[in-house]
Amino acid sequence: MAIIMDTSTPFSADMKDLPKAYEASNIEADIYQKWEDSGAFNPDELLKLDPRYKDAEPYCIVLPPPNRTGNLHMGHAKTVAIEDILIRFHRMLGRKTYWVPGTDHAAIATQVKVEQQLIKQGIKDPRRELGREKFLEKVREFAQGSRDNIVSQCKAMGGSMDWKLEKYTLDEQRNRAVNQMFKMMHEDGLIERGYRVVNWDPRFKTTLSDDEVLHKETQAELITFKYDKDFPIAISTTRPETKFGDTAVAVNPDDKRYAQYVGQTFTANYCGKEITVKVVADKEVDMNFGTGALGVTPAHSMIDAEIAERHGLPMVQVINEEGCMKNEAGPEFFNLTTIEARKKAVQMLDDNGLVLERKDILQNLMVAERGGETVEQLPMFQWFVRVNKKFKLRQDTLRKWKKGDEATLKDLMRHSVESGQIRILPENQVKIYFHWVDNLRDWCISRQIWFGHQIPVWYKLQSDMYETYERDPDSFARTIRSLGNSPIVALEKPEGERWVQHPDTLDTWFSSGMWTFSTLGWPDENEWNKNRAYHPTDVLETGRDIIFFWVARMILMTTYALGEVPFNDAYLHGLVLDEKGRKMSKSLGNTIEPLEMIPKYGTDAVRLSLVMGTSPGMDQKLSEDKIKDFRNFTNKLWNISRFILQSTSRAVISTEDVGRLEKSLADKWILSKYYDVQNRVTQLLEQYQFSQAGELLRDFTWGDFADWYLEVAKIEKNKDAMLWHILPRLLKLWHPFMPFVTEYIWEVGKMGEQSLIVSEWPSGEMKDEGLVKDFEQVKNLITDLRRLRSENGVEPVKLVDFAVVADEASRRLIEENMEVVKAMSRAQSVTLVESIAEGWATAVSGTMTIGLDLAGAIDVAAEKSKLQKEIDGLKPYIASTEAKLQNKEFTSKAPEKVVAGMQAKLDEAKAKISALEERLTSLK
RNA sequence: GGACGUUUAGCUCAGUUGGUUAGAGCGUUCGAUUCACAUUCGAAAGGUCGCAGGUUCGAAUCCUGCAACGUCCACCA
């Protein structure tokens, strides 16, 4: 038998010194450094560490690039924890793992943050005062600082990604990818410049996509009025200041009240300004709301713009980019803010007796996701990705379309998931995804902020205009926005005079949408070819709150550019909330900071607290207490290992050899349990059931292994081979969850030539259910003996005498395990008898009756009532089970296994009740 | 307005395709400290599985309705 026993204990000197409590903060940085230096994080250097990675199948995850807006919060920590589990698990399974790290410039979020900081520092209008280049310098400086924080925090979390391969959504290579994508989409007619109503943030002077606008419920006044006294129809609005831009009144085609006016055009004097209004019939109008007539303002409402398009109505813009009234609202209103104009208009209408009704309603106000300012809808020239336009595919796509076939971007997004080429987990997110895709409108991708990829479009300027540009780039930016379609445009930077790049930048999601393949080198041929095998990536793991922003747009970009999906699985985890279930936020002051928790409780504890006690896709509540509980477990694992390292000699023993070893019942039991847990954990990890896998492991480690087997080992002795068979394997199973403590123990115990991180995931089987049952019976007996002591107030340390009445099989079992039973129940003697002597306390344990010698100090009345209570508790169960078993419908329809199991339980209960009754009568 | 989710022990949550008397951790109560670990060990108490119907031999689990809470989406001007 090939057991290598090391009796010289070469490291016993170190072992004696192992501290009683595991001190995470002393070792984590060193361990991480060792991993990093070893090359284990790098997919190519893995081959040098172990030949088994040579022709290994790739396994790739891209890290959702954290925004360079500051520090990582618990949500990021959760992302790193889960992805690191996946990566470490697959690395140990022998996959060539590539975890692509990087950060996101997060255009608007970062710029807003820096702008606010500068304002706090006393710079009133930072953009204007600093100018584009100086301002951008400040943003870049901040972004760099954030990046450094992010990297060190990912490392602190134990993330095993290779930072030498770090990418950035705003670096040069990503810029080439962005430009290439823009050019392709432009050529295919999918990107176009158009004059449309967009979401406009008047404070930061930029457009926003639909997803960057939130709806906040607000109190508003709905007023019902007529434009002037001659106008025949009354309408309702909460925004009278926009009504200068009305070009129609829309009514439902079935509305008889207004049928006579449909088709007519009226001129009205609205608050001193002449407006021309046509009455149109449109089925979108709700007859039952307000007066049933809707004032149509095409320039300041996307919905009205759609109505206007259907009826060929003109667009009159009355609010400008500052959020103030334009000349078109008349001289009296010119330059008023919208709020001032609203008040004034209501006043004027009131003065002229035109208001029919005023009432307060709740309304959804559009506000910016970042900054929280009111968002206006304004018409302007912007760039759009057209999601509903058919285009000719550049390659075979999604195993459905051939090169040259026609499809829309929406078709691609839908088919990716519908065909099962992307599996979205948990499944309930699929519906949400489809709903979003089906309702998606053209995506406005141009932003007027400065931090981001500049739109890759160049204009040839006339000399006078070029002078303006040189003198004042900002004013040029405004000019270019108001220009119609500019005459000379290039999609790559031309050589030559007076070519100027478009001053606008791209929506940040345009670049992050390409993250899975731009990070792998696309469109640079060499690098992309080298990394081709990693795409589609295996799994995209991220918070469920960014499915629209990011997940969906990655699907759009990738299927378009490559004809394949960006990832096979999308696993969306829930949000990390505070202990009351509220979102963690700085303003509420309820955040739990990873960087405070890690030094206090250790990274492993933080990781466990983010993974355990959760289920896929569900939000979780986190508290410091929870982290503390897992710190305790970390320490438990440490002490289990410390005990084994200090009290045994190292042994290396294979699964085959341990099978041939001479073993006690407890040995066979723990092996059978271990292998079962090992294989179930493997399966659960493959199914993304991290919590269940972890809990199974914890129950085994703390319960079966520590509380039972190690205690048995102290009694039965000579367990070196057994313990050294199980412990290293157990550390391996734990490694993805708690990499630091496991690697440290592995190292201290010299458990392998290589680090745990690149060790092989354990496999093999060993099952013996019969033996497991036998040991469970012994366990139950011990527990029952302990309970008998405890119930009778006998101190745990006091040695006592027990007696057991048992059948033949149980007697043999007890005799064979007598040492264990005695030691673990703190017994001086355990005697097998025909009946329990008078004056002893008794209880029934399964089919056995057990007795405890109280030296006559037994309270007979209490004993009797205890027995009676137990009998009474059992009776209804027996009655109902008997009834079930007599029911032919049940016995004929239920599976045999269920019926047999029930019968066995019933027999057991009957045996127990007769034992109890016997004891009761003997007490009389 | 639409969609999704949650409701199981005091708290946080498990509960696989319906199947034997519903589980865990924390907390609580009682007891224990030289012998790996008090960041520990032993023992116990605690639940008519949100409510009302239905399907079934059998429901925490499937169906219908209702309620409470939460999240997302949406143009009631």
Side-chain angles (χ1 to χ4, degrees), chain A residues 18 20-22 215 222 235-239 250 284-286 288-291 293-297 301-304 306-307 361 363-364 428-429 431-432 435-436 439 544-545 547-548 574-575 577 579 581 583 601 605 612-615 617-623 625-626 628-647 687 689 691-692 695 698-699 702-703 706-707 710-711 714 783 786-791 793-797 824 826 873-874 876-877 880-881 884 887-895 897-906 909:
Chain A
L18 296 179
K20 281 171 91 164
Y22 170 67
H215 299 268
L222 181 73
I235 58 167
S236 302
T237 186
T238 54
R239 300 202 57 189
E284 288 292 301
V285 178
D286 180 359
N288 301 314
F289 186 87
T291 62
L294 165 66
V296 180
T297 322
S301 156
M302 284 189 200
I303 297 307
D304 290 6
E306 280 168 21
I307 296 175
I361 59 162
Q363 192 198 225
N364 280 324
N428 62 39
Q429 299 288 329
K431 254 192 173 173
I432 297 175
H435 181 260
W436 184 83
N439 291 294
R544 57 147 239 262
D545 52 330
I547 180 167
F548 306 136
L575 274 36
L577 307 172
E579 52 197 314
K583 237 179 173 168
Y601 302 108
M612 304 272 265
T614 67
S615 48
M618 296 291 296
D619 293 351
Q620 76 170 104
K621 292 173 192 167
L622 183 69
S623 62
D625 275 345
K626 189 173 175 188
K628 198 160 137 197
D629 290 342
F630 286 109
R631 186 272 317 264
N632 294 358
F633 176 71
T634 314
N635 189 57
K636 185 72 188 182
L637 183 62
W638 168 251
N639 272 293
I640 288 168
S641 308
R642 191 165 76 104
F643 171 64
I644 294 172
L645 296 185
Q646 289 180 341
S647 65
Q687 298 163 348
Q689 300 280 357
S691 184
Q692 282 196 45
E695 278 168 42
R698 183 191 53 192
D699 293 348
W702 203 320
D707 291 344
L710 290 187
E711 293 309 315
K714 287 175 189 170
T783 303
R786 285 167 171 174
R787 184 189 308 130
L788 190 58
R789 301 176 63 111
S790 175
E791 279 174 356
V794 180
E795 290 167 14
V797 281
M824 294 187 75
R826 294 287 297 168
L874 223 45
Y877 168 69
S880 78
T881 310
K884 268 187 207 164
N887 184 344
K888 276 204 181 127
E889 288 237 66
F890 170 67
T891 49
S892 63
K893 286 184 183 171
K897 226 178 148 182
V898 173
V899 178
M902 216 180 236
Q903 184 66 54
K905 278 276 180 182
L906 177 63

Counting just side-chain N and O atoms, does [X] come under 4.0 Å of either OP1 or OP2 of [N]?
X	N	value
A:Arg631	B:rU39	no
A:Lys636	B:rC41	yes
A:Lys621	B:rU12	yes
A:Ser615	B:rA14	yes

(message) Mind checking if A:Phe548 touches a base, just sugar-phosphate, or nothing, with heavy atoms under 4.0 Å?
(response) sugar-phosphate
(request) Look at all strands and tell whether A:Asp545 reaches a base, only sugar-phosphate, or nothing, counting heavy atoms closer than 4.0 Å. (result) nothing
Can you figure out which of [options] approaches the side chain of [X] most closely?
X	options	answer
A:Asn887	B:rA14, B:rC57, B:rC73	B:rC57
A:Ile361	B:rU39, B:rG42, B:rA77	B:rA77
A:Pro796	B:rA32, B:rG42, B:rU71	B:rA32
A:Gln692	B:rA14, B:rU39, B:rA77	B:rA14
A:Leu294	B:rA77, B:rC37, B:rA43	B:rA77

(message) Holding to ring pair (Phe, Tyr, Trp, His ring centres under 6.0 Å), I want the full list of residues that pass it with A:Phe633, two or more places apart in sequence or in another chain.
(response) A:Trp702, A:Trp734
(request) Output all residues satisfying ring pair (Phe, Tyr, Trp, His ring centres under 6.0 Å) with A:Tyr22, sequence neighbours left out; order by chain, then residue number. (result) A:Trp638
(request) Indicate yes or no: at least one non-hydrogen side-chain atom of A:Leu294 is less than 4.5 angstrom from one of A:Ile307. (result) yes
(request) Flag the pair A:Ile640 / A:Lys636 as yes when at least one side-chain heavy-atom distance between them is below 4.5 Å, and no otherwise. (result) yes
Salt bridge (Lys or Arg N to Asp or Glu O under 4.0 Å) against [X], all qualifying residues, sequence neighbours excluded:
X	answer
A:Glu579	none
A:Arg826	none
A:Arg786	none

(request) Give a yes or no on whether A:Glu795 atom CD has more than 12 heavy-atom contacts from other residues, nucleotides or ligands under 6.0 Å away. (result) no
(request) Starting at CG of A:Asp625, measure out to NZ of A:Lys628 and round the result to the nearest 0.5 Å. (result) 5.5 Å
(request) State whether the distance check finds a donor on one side and an acceptor on the other, under 3.5 Å, for side chain A:Glu284 versus base B:rA77. (result) no
(message) For a quick check, tell me whether the side chain of A:Lys20 and the base of B:rA38 share a donor-acceptor pair closer than 3.5 Å.
(response) no
(request) For RNA chain B, write out the stems as range with range, using runs of 3 or more consecutive Watson-Crick or G-U pairs with both distances under 3.5 Å. (result) B:1-7 with B:67-73, B:10-13 with B:23-26, B:28-32 with B:40-44, B:50-54 with B:62-66
Side chain to side chain contact (heavy atoms under 4.5 Å, CB included) partners for [X], two or more places apart:
X	result
A:His215	A:Asn364, A:Met366
A:Met302	A:Val197, A:Asn199, A:Asp210, A:Gln377, A:Arg441
A:Ile432	A:Gln429, A:Phe548

(request) For each nucleotide in nucleotides 17-22 of chain B, reading 5' to 3', give B when a protein heavy atom comes within less than 4.0 Å of its base, S when such contact involves only the sugar-phosphate, and - otherwise. (result) --BBB-
So which protein nitrogen or oxygen atoms get under 3.5 Å of nucleotides 4-6 of chain B's nitrogens or oxygens?
unit_1 : atom_1 : unit_2   : atom_2 : d
B:rC4  : OP1    : A:Lys431 : NZ     : 2.5

Listing time: all N or O pairs from protein to nucleotides 23-30 of chain B that are below 3.5 Å?
unit_1 : atom_1 : unit_2   : atom_2 : d
B:rA24 : O2'    : A:Arg698 : NH2    : 3.3

